[in-house]
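Atoms within each ligand, like the ligands themselves, are counted from 1 in listed order.
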Amino acid sequence: MATSILSDANRRLERALKYVSISDDASERLRYPKASLTVSIPVRMDDGTLKVFQGYRVRYDDTRGPTKGGIRFHPDVTLDEVQSLAFWMTFKCAALNLPLGGAKGGVTVNPKELSKFELERLSRGYIDAIANFIGPDVDVPAPDVYTNPMIMGWMMDQYSIICRKLSPAVITGKPLSMGGSQGRDTATGTGAFYVLQALMGRFNKAPHQTTVAVQGFGNAGSVIARLLFDAGYQVVAVSDSQGGIYAAQGLDIPSIQQFKASTRSLKAVYCEGTVCNVINDHTDITNEELLSLDVDILVPAALENQITATNADTIRARYIFEVANGPITSEADDILNAKGIYIFPDILVNAGGVTVSYFEWVQNRSGLYWSLEDVNARLKTMIVTEAERIWAIAQELAIPPRTAAYVHALERLGDALNDKGTRDYYVSGI
Ligand code: NAD
């Protein structure tokens with residue numbers, strides 16, 4: 001049987017625990033999710049038949065605040081995956097010093113096979129099934145893979161119907177017209193770009209001398225690809241679920257964004273239309289080939305478990321910035337670390353999404369809304385501060401940046417858990 005993703009995630013926790021002095025009580029608590037809910041969602045399909053989908057919501061730890069985490073619609077969603085994603089959210093919120101815990105949700109479905117009506121009924125049905133498990137002060141969902149602002153809007157509306165009052169703060173990533181925040185749609189890629197710029201500044205490499213490959217050209221991947229392109233980096237390869245494209249001289253990312261938006265597939269980018277004339281000498285590549293390109297920076301921005309013990313040896317990038325959650329297994333980590341590759345971890349690099357989700361929640365609760373400039377300025381300050389702190393811990397303890405990020409988060413989580421009382425407190429009080 002394949003290794004559980006949660007036990008693999010827990011291995012990272014064990015590594016970091018060696019460098020932090022938190023109580024045994026706190027570390028024991030962090031090994032298990034607080035609550036996991038599995039639901040069946042009956043959906044009336046357009047042809048009149050009834051189909052039942054499996055859904056999940058996991059609240060991993062709420063010691064530092066209401067739990068927070070996205071909802072994924074994907075055929076491979078399992079409880080194990082959702083628990084792991086909730087685990088990562090717990091550490092991500094602590095690493096960014098957000099007053100939130102970690103959660104995640106998902107439905108096992110291929111949303112591309114549903115009509116818009118069926119997708120709306122499924123989204124509302126999911127909320128009907130989990131309504132007692134979430135709430136603005138309890139657990140606040142958000143978008144993730146294959147969910148978007150419109151779906152968040154339906155979900156907020158459904159929760160408000162159930163509660164008989166408008167509850168914008170129950171979910172983030174909503175459309176602007178329904179209480180969404182400026183900058184939420186681009187936050188993950190933008191935050192990752194701020195982290196990349198801040199950390200690459202330590203390696204004395206000018207953007208125009210730096211080549212980048214981005215796996216996954218969705219919400220997060222396309223935004224960071226565009227920001228890197230605008231900043232002068234040579235983005236030489238991008239890919240999506242159907243395959244990738246490569247050009248040694250660099251790709252024209254704005255044209256690709258435009259074509260992807262109109263065709264929904266990178267495959268079509270170079271086959272028709274004027275962009276064929278804009279960029280020459282491109283090659284079709286597979287996702288596997290993209291991962292092993294000889295580039296300076298690799299940005300996995302698709303799904304988890306893309307770099308494993310099987311292909312880690314083929315990786316030639318010098319720096320990896322994990323925009324996806326969990327794209328590298330812990331076994332692969334060891335191989336890449338031994339090769340001297342710097343891996344900047346998901347719980348830091350992609351934390352821009354949850355940070356601006358937090359801003360959205362704050363704005364919904366206060367009723368005062370911020371400008372895009374304000375959102376991005378606050379995001380930059382917060383994420384760069386934590387990136388620099390994590391880099392400093394990595395240097396001080398001579399550990400990989402991933403372990404340093406866990407150490408940083410664990411110190412905050414440990415303090416919060418310890419302040420509720422530990423064995424030492426109770427035993428010494430006898
Ligand atoms: P998305 O659905 O917008 O994009 C996913 C992209 O990955 C698509 O281009 C898809 O075609 C591609 N893809 C799917 N399978 C692939 C494969 N096997 N190989 C290559 N590409 C493949 O999703 P997103 O929101 O951009 O999320 C991407 C990753 O970033 C996920 O791991 C997600 O958990 C993480 N993330 C997203 C956010 C956010 O705010 N969107 C926040 C934090 C983390």
Original post:
Which of the atoms of ligand 1 are close to Gln215, meaning less than 4.0 Å from one of its heavy atoms?
Top reply: 19 (N), 20 (C)
**OP:** Run the numbers for me: atoms of ligand 1, each under 4.0 Å from some heavy atom of Asn287, listed by number.
**Re:** 19 (N), 20 (C)
Original post:
Hey, which atoms in ligand 1 end up nearer than 4.0 Å to a heavy atom of Asp144?
Top reply: 33 (C), 34 (O)
Original post:
For ligand 1, which atoms, with element, lie under 4.0 Å from some heavy atom of Leu303?
Top reply: 15 (N)
Original post:
By number and element, which atoms of ligand 1 are closer than 4.0 Å to a non-hydrogen atom of Ser241?
Top reply: 10 (C), 11 (O), 12 (C), 13 (N), 14 (C), 15 (N), 16 (C), 21 (N), 22 (C)
**OP:** Identify, by atom number and element, the atoms of ligand 1 in contact range of Asp240, meaning under 4.0 Å from any of its heavy atoms.
**Re:** 9 (O), 11 (O), 20 (C), 21 (N), 22 (C)
Original post:
What closest approach, in Å, do Thr329 and Thr308 show between heavy atoms, and which atom pair accounts for it?
Top reply: OG1-CA, 3.6 Å
Subject >> Residues Tyr19, Tyr406; criterion ring-ring contact (aromatic ring centres under 6.0 Å, His included); working and verdict >> reply: CA-CA 10 Å; Tyr19 301 95; Tyr406 277 88; over 10 Å; no
Subject >> Contact summary for Phe359 and Val375, nearest pair of heavy atoms >> reply: CE1-O, 3.7 Å
Original post:
Heavy-atom contacts under 4.0 Å between Arg184 and ligand 1: side chain, backbone, both, or neither?
Top reply: side chain
Original post:
Who's closest to atom 25 (O) of ligand 1 heavy-atom-wise, of Val214, Asn148, Asn219?
Top reply: Asn219
Original post:
Does Arg72 have a non-hydrogen atom less than 4.0 Å from ligand 1?
Top reply: yes
**OP:** State the atoms of ligand 1, each with its element, that fall below the 4.0 Å cut-off from a heavy-atom position in Val323.
**Re:** 30 (O), 35 (C), 44 (C)
Original post:
What closest approach, in Å, do Leu290 and Ala237 show between heavy atoms, and which atom pair accounts for it?
Top reply: CD1-CB, 3.8 Å
Subject >> Residue Ala301 vicinity, atoms of ligand 1 by number, heavy atom under 4.0 Å >> reply: 28 (C), 29 (C)
**OP:** Could you tell me if any non-hydrogen atom of Pro143 lies under 4.0 Å from any atom of ligand 1?
**Re:** no
Subject >> Under 3.5 Å: N/O of Asn325 near N/O of ligand 1 >> reply: yes
